[in-house]
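Notes to accompany the following structure.
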Amino acid sequence: MTDNSKPLDPQKIPRHVAIIMDGNGRWAQRRGFHRVRGHVAGAESVRVVTRLARQLGISYLTLFAFSEENWQRPGMEIRVLMALLRRYLHRELSEMRDNQIALKAIGDLSQLPEAVQRDLEQTIAATAAGARMDLTLALSYGGRSEIVHAVQSLAREVAAGLLTPEDIDAARFARHLYTAGMPDPDLIIRTSGEYRLSNFLLWQSAYTELYVTETLWPDFRENEFLTALEIYQQRQRRFGLTQEQIEALNGKEPRD
Ligand code: FPP
């Protein structure tokens, strides 16, 4: 519960929350620090938000940790981000295991440095039994590339005579995305006040509620997360139906 606010409704906890973690650089620069200090503070927000998501019963938490476009950043910043990611994986392994959190990764992981790929593989394997929450890191991830990759994979199946073009529908298409098997996000949070998706989960966000806060990612901690969830709970999700149709469903979500 945040100050002056109602407690969260346990019946309306989103199943899948995805976050565009933005504003690390600005957070640091406003304090006269180098940008990388913002990433260090941002890694702490990752810990805090993951722990709270797990406590609240969120089943899927997906974090946009490194985009395809981020490869164009200065080499030193990329190296720091990769080192922070490795440190995070080492430090959080026991907490993930103790809390039944399964680590996953989406994106073009083959682009990551070998040491990062190895640590990721090891952490994914070591946490695979975690049944309470999937923590998915989007790394070297781009939504358009993900869609192109899915199209290529389906085209190969058609060319091999395993499918006809008419066999392709939205459900089959989704099974060829990196997120196969995951529900679409109910809520996407973006920090630092930019109103855009920046190539994140483009297919999956068709009906997702969006929440943008001015708060910079390193300042996004328990209270900010709870506020985002309260605002989500006040939204009415209609999935293209009328108000009357929604009421007739009696609290059930139309796409269940
Ligand atoms: C955006 O801030 C953030 C990133 C590009 C990277 C996110 C990384 C972390 C939160 C830390 C490490 C991650 C893990 C999973 C431990 P920005 O640099 O674009 O900020 P700016 O827009 O203010 O420049």
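One-based numbering, in listed order, for ligands and for the atoms of each.
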Tell me, which protein residue and heavy-atom name are nearest atom 22 (O) of ligand 1, and how many Å apart are they?
R26 NH2, 2.9 Å
Nearest neighbour in protein (non-hydrogen) for atom 3 (C) of ligand 1:
M21 O, 3.1 Å
Counting heavy atoms only, name the option from L63, N24, I19 that's nearest to atom 9 (C) of ligand 1.
N24
For the ring pair Y141 and F64, is the centre-to-centre distance below 6.0 Å?
yes
Given that the side chain starts at C-beta and the backbone is N, CA, C, O, which of these parts of [X] lies under 4.0 Å from ligand 1, counting heavy atoms, or is it both or neither?
{"X": "L216", "value": "neither"}
{"X": "R35", "value": "side chain"}
{"X": "R30", "value": "neither"}

Salt-bridge present (R172, D167; N to O < 4.0 Å)
no
So, is [X] polar-close to ligand 1, with some N/O to N/O distance under 3.5 Å?
{"X": "Y88", "result": "no"}
{"X": "D22", "result": "yes"}
{"X": "G25", "result": "yes"}

Any side-chain heavy-atom pair from E146 and Q204 closer than 4.5 angstrom?
yes
